[in-house]
Amino acid sequence: MPHLRFTTAGESHGPALVALVEGCPAGLPLLAEHVNHELARRQQGYGRGRRMVIETDRVEFLAGVRAGETLGSPIAMLVRNKDWANWEAIMDPAPRPEDDQEDGRKRQLTRVRPGHADLTGLLKFDRDDARDILERASARETTARVAAGAVAKQLLAALGVRVGSHLVHLGGVDAARPAQLPDDLNAAADASPLRCLDGIAEQEMIARIDAAKKEGNTLGGICEVVVTGLPVGLGAHVSWDRKLDGRLAAAICSIPAVKGVEMGIGFDAARRTGAEVHDEIEPAPGNPRTGNVRRRSNNAGGLEGGMTTGEPLVLRVAMKPIATLMRPLQTVDVKTGETASAAAERSDVTAVPAMGVIAEAMTALVLADAMLEKFGGDSLAELQRNHAGYLARVAERLG
């Protein structure tokens, strides 16, 4: 059973989104502004659609927080959808007179979109209107994930861990990765329209976004998540479901439109020899997080044998182009069985910069769970004592 777990509820055009986080220890400082900051970061990025103008996401704590600190009980958070007023007749949970009419409610979606959950979900759940599927399958749900991830980030920060991301590829354009990442990665990335550290490449990416928008097309890309301050030994080698790389991969690949994740150099490791891949180890006194050693390189991305090494954790996350095209692809209308052009819901040209923020949230949730698994504690103070005691013991080993 997870030590920190979360669940979300809500539809894209419903009244609100809900996040429920269980297992957070008592005494963690947590304010609405901590969550709102992350929600705002999720909404940024060149190439986003009109929904980002309509919604200005703000959290409301319903439970689990008092006087700016967590209570140790489940944390319930609400993020209202401002667009609900325009969708109430369409998304009303109660029966309405038009439900029994031949045309049913407005905004039915029967021209299912290739690449989306529309058709598969409609068949699986035996629905007639794909809106019953797409409203939950929408990436709008990730708002609640980011809220939950903000709690996890606060917990990790209290243990000296920082989670950041930046965009490294979009629409066929690679960004040059600096030899030394900024100390505050998110502050540097968030200052950019695409959360990219390579200004020259970013201008070409923006030009490709503009061209794709004119064509009614969409673009995918890759973000890199970097986590610093982790101690050696999170996760375990003993069983498949305790390996941290597997847990991270599952969480990251659950993000809508994400089709791949790499740890460290990832697939490139398969193209090199062992001597070129594996990170040599040397003494590094005074660095207890890694056991007083360091890797001369970090091709493993901070993970060996399903456990953290204490080196920076590096993940690269690939997002496919969004499935809603303004120049629709061919599909089938499930109401008539005839060939048709796919429906065109309101959409972004690209959401890769936002995906990086969502990937941060999912990474933070997995790592916070692993921290609690390793160190335990019903209060933040107890967790910090256990963490400090472990680092002190590790420091003795090769000190």
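- Salt bridge annotation for Lys214-Asp210: absent, with no cationic side-chain nitrogen under 4.0 angstrom from a carboxylate oxygen.
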Name every donor-acceptor pair, under 3.5 Å, that has one atom in a side chain of residues 156-182 and the other anywhere in the protein, sequence neighbours excluded.
from: Arg162; atom 1: NH1; to: Asp183; atom 2: O; distance (Å): 2.7
from: Ser165; atom 1: OG; to: Arg195; atom 2: NH1; distance (Å): 2.8
from: Ser165; atom 1: OG; to: Arg195; atom 2: NH2; distance (Å): 3.4
from: Ser165; atom 1: OG; to: Gly356; atom 2: O; distance (Å): 3.4
from: Ser165; atom 1: OG; to: Glu360; atom 2: OE2; distance (Å): 2.6
from: His166; atom 1: NE2; to: Glu224; atom 2: OE1; distance (Å): 2.8
from: His169; atom 1: ND1; to: Val173; atom 2: O; distance (Å): 3.2
from: His169; atom 1: ND1; to: Asp174; atom 2: OD1; distance (Å): 2.7
from: His169; atom 1: NE2; to: Gly172; atom 2: N; distance (Å): 3.1
from: Arg177; atom 1: NE; to: Glu224; atom 2: OE1; distance (Å): 2.6
from: Arg177; atom 1: NE; to: Glu224; atom 2: OE2; distance (Å): 3.2
from: Arg177; atom 1: NH2; to: Glu224; atom 2: OE1; distance (Å): 3.0

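- The hydrophobic cluster containing Leu78 also includes Val18, Leu62, under a criterion of side-chain heavy atoms closer than 4.5 Å among ILVMFWY residues, counted directly or through chains of members.
- Not a single salt bridge (charged side-chain N to carboxylate O under 4.0 Å, His left out) links Glu382 to another residue, sequence neighbours left out.
- Every residue meeting the side chain to side chain contact (heavy atoms under 4.5 Å, CB included) condition with Gln203, not counting sequence neighbours, appears here in chain and number order: Ile206.
- Contact check on Asp190 versus Arg41 returns a salt bridge, with a Lys/Arg side-chain nitrogen under 4.0 Å from an Asp/Glu carboxylate oxygen.
- At a threshold of 4.0 Å, the pair Asp99-Arg105 counts as salt-bridged, since one of the basic side-chain nitrogens sits closer than that to a carboxylate oxygen.
- Looking only at distances, no side-chain donor or acceptor of Asp57 sits under 3.5 Å from a matching main-chain atom of Ala40.
- With sequence neighbours left out, Arg294 forms a side chain to side chain contact (heavy atoms under 4.5 Å, CB included) with Glu282, Ala284, Glu311.
- For Glu276, there are no salt bridge (charged side-chain N to carboxylate O under 4.0 Å, His left out) partners at least two apart in sequence or on another chain.
- Here Leu329 sits in one hydrophobic cluster together with Leu325; the rule is ILVMFWY side chains under 4.5 Å apart, joined directly or through other members.
- Qualifying side-chain hydrogen bond (donor to acceptor under 3.5 Å, both in side chains) partners for Thr143, counting only residues two or more places apart in sequence or in other chains: Arg42, Arg140.
- In this structure Ala318 satisfies the side chain to side chain contact (heavy atoms under 4.5 Å, CB included) test together with Ile222, sequence neighbours excluded.
- Partners of Met91 by side chain to side chain contact (heavy atoms under 4.5 Å, CB included), not counting sequence neighbours, listed by chain and number: Glu11, His13, Trp84, Trp87, Arg131, Glu135.
- Note on residues 239-251: pairs passing side-chain hydrogen bond (donor to acceptor under 3.5 Å, both in side chains), not counting sequence neighbours, are Arg247-Asp369, Arg247-Glu373.
- Under the rule for a ring-ring contact (aromatic ring centres under 6.0 Å, His included), the partners of His387 that lie at least two apart in sequence or sit in another chain are Phe375.
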